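What you see is a predicted model; the values in this text were computed from it and never measured.
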Protein chains: 2
Amino acid sequence: MYQPLYNHIKRFVDLSADEEEILTSTLKSFSFKKKTFLLEQGQICRSNYFVVKGCLRLYFIDVNGVAQTTQFAIENWWISDLTSFMFQKPSDFFIQAAETTEVIAIAHQDYEKLFERIPKLEKYFRLIFQKLHQASQQRIMFLYSFGAEERYRHFNGLFPGFVQRIPQYMLASYLGFTPEFLSKIRTIK
Amino acid sequence: MYQPLYNHIKRFVDLSADEEEILTSTLKSFSFKKKTFLLEQGQICRSNYFVVKGCLRLYFIDVNGVAQTTQFAIENWWISDLTSFMFQKPSDFFIQAAETTEVIAIAHQDYEKLFERIPKLEKYFRLIFQKLHQASQQRIMFLYSFGAEERYRHFNGLFPGFVQRIPQYMLASYLGFTPEFLSKIRTIK
DNA sequence: TTGCTTTCTTAAACTAGATTAAGTTTTTTG
DNA sequence: CAAAAAACTTAATCTAGTTTAAGAAAGCAA
């Protein structure tokens with residue numbers, strides 16, 4: 001049930017059978033059909049999600065009423081609205097299943113407790129957040145580096161095949177332009 | 001010498017006298033004059049920096065040869081090029097003192113060792129990176145939310161006074177537009 | 001206190017990408 | 001399978017912000 005997460009944790013720290021049991025009694029596993037919302041604007045983000053299979057997207061609705069995708073999470077990535085999760089305050093974001101998706105969730109009320117019972121997890125999450133922050137640094141650099149068309153081509157090179165998994169309008173907003181523009185650059189070359 | 005950092009750590013975890021001593025023997029303290037480079041493109045980022053006083057900026061040179069500021073660090077913030085720091089590979093970034101700045105540095109070769117000697121620091125840095133990642137999520141949302149002028153006004157509201165501390169061209173690139181444009185919107189209203 | 005360097009301003013011409021709007025294709029669902 | 005809904009395309013028009021260029025201030029070193 002939780003094996004994919006245990007395997008992921010074991011890439012970074014050891015995990016005893018006892019510790020696995022504690023986790024097993026704390027974690028929750030869910031399957032969400034495509035388009036299901038795990039979080040909606042105004043709700044409090046109650047969990048941090050680990051994607052076992054499928055794809056989630058984090059987005060918000062901008063001042064013009066347009067959905068802006070700020071993050072995707074695929075296999076072995078964690079996702080949540082950290083501002084809402086950390087402070088348990090209403091979120092500005094939506095988290096939605098871009099495909100039918102299996103997740104493992106840690107609820108907020110269990111989160112800090114879990115670190116007390118399994119201190120090793122501090123290291124695991126320190127490394128996870130270190131990596132997430134590194135990914136954010138790269139993403140911001142990438143957004144500032146290139147024009148819209150180059151961002152598309154570069155992204156395609158980094159994640160070949162991912163483009164087929166999601167609707168173009170989600171990718172367009174993630175890359176910071178309109179679906180119409182994406183449509184245009186796809187036909188020219 | 002390292003007291004500002006110890007105070008900061010103690011906001012999140014306890015720190016014994018012994019542990020302070022270990023830190024004291026490991027950390028390094030520096031003062032950098034305005035415009036000094038702590039890291040240059042092509043070099044390996046050897047340290048993670050804690051700003052005691054002053055301001056550092058992280059930037060890179062884009063394809064058009066223009067400097068793009070992706071992060072500022074002021075008092076009590078950590079900064080480094082994580083991609084370069086984590087993998088000890090040449091950096092795409094510069095880290096430069098925007099003001100004369102006092103920092104406390106953890107060298108890469110001491111970094112993972114330090115966690116072995118003071119496991120508590122795992123929690124501290126887990127929380128630091130959690131917060132940094134949260135800040136990145138907010139920043140990306142902010143970049144996608146508004147037009148250029150609104151970004152400037154919003155930033156000014158969030159960090160009143162900071163605008164006076166740094167040259168406008170640094171702020172302009174951080175906010176994602178040109179210095180000329182910033183000059184324009186400052187005069188109109 | 002002068003000269004040199006860095007930063008800021010102004011304004012005209014320009015362009016990458018947005019907007020709008022209508023039509024087409026694909027996917028989903030009953 | 002048929003109908004409806006969702007996703008994609010195309011093209012004309014438009015605009016927020018860039019580029020270029022030249023001059024004015026401000027900061028700093030000698």
Charged tip of [X] within 45° of [Y] ring normal and under 6.0 Å:
X: Arg126(A); Y: Phe129(B); value: no
X: Arg57(A); Y: Tyr59(A); value: yes
X: Lys131(B); Y: Trp78(B); value: no

Distance check needed: [N] [atom2] versus [X] [atom1], whole Å only.
X: Gln164(B); N: dT7(C); atom1: CD; atom2: C1'; result: 15 Å
X: Tyr152(B); N: dG17(D); atom1: OH; atom2: C1'; result: 17 Å
X: Asn64(B); N: dT15(C); atom1: CG; atom2: P; result: 14 Å
X: Phe146(A); N: dG17(C); atom1: CZ; atom2: C1'; result: 18 Å
X: Glu150(B); N: dA16(D); atom1: CD; atom2: C1'; result: 12 Å

Verify whether the ring centers belonging to Tyr174(B) and Phe155(B) lie closer than 6.0 Å. yes

In this structure, is the centre-to-centre distance between the rings of Phe60(B) and Phe94(B) below 6.0 Å? no

Between protein and nucleotides 23-30 of chain C, what N or O pairs are separated by less than 3.5 Å?
| from | atom 1 | to | atom 2 | distance (Å) |
| --- | --- | --- | --- | --- |
| dT28(C) | OP1 | Lys34(A) | NZ | 3.4 |

Which atom pairs link the protein and nucleotides 7-11 of chain D when you take only N or O atoms and keep those under 3.5 Å?
| from | atom 1 | to | atom 2 | distance (Å) |
| --- | --- | --- | --- | --- |
| dA7(D) | OP1 | Tyr169(A) | OH | 3.3 |
| dA7(D) | OP2 | Tyr169(A) | OH | 3.3 |
| dC8(D) | OP1 | Gln168(A) | N | 3.1 |
| dC8(D) | OP2 | Gln168(A) | N | 2.8 |
| dC8(D) | OP2 | Tyr169(A) | N | 3.4 |
| dT9(D) | OP2 | Gln168(A) | OE1 | 3.2 |
| dT9(D) | OP2 | Ser183(A) | OG | 2.8 |
| dT9(D) | O5' | Ser183(A) | OG | 3.1 |

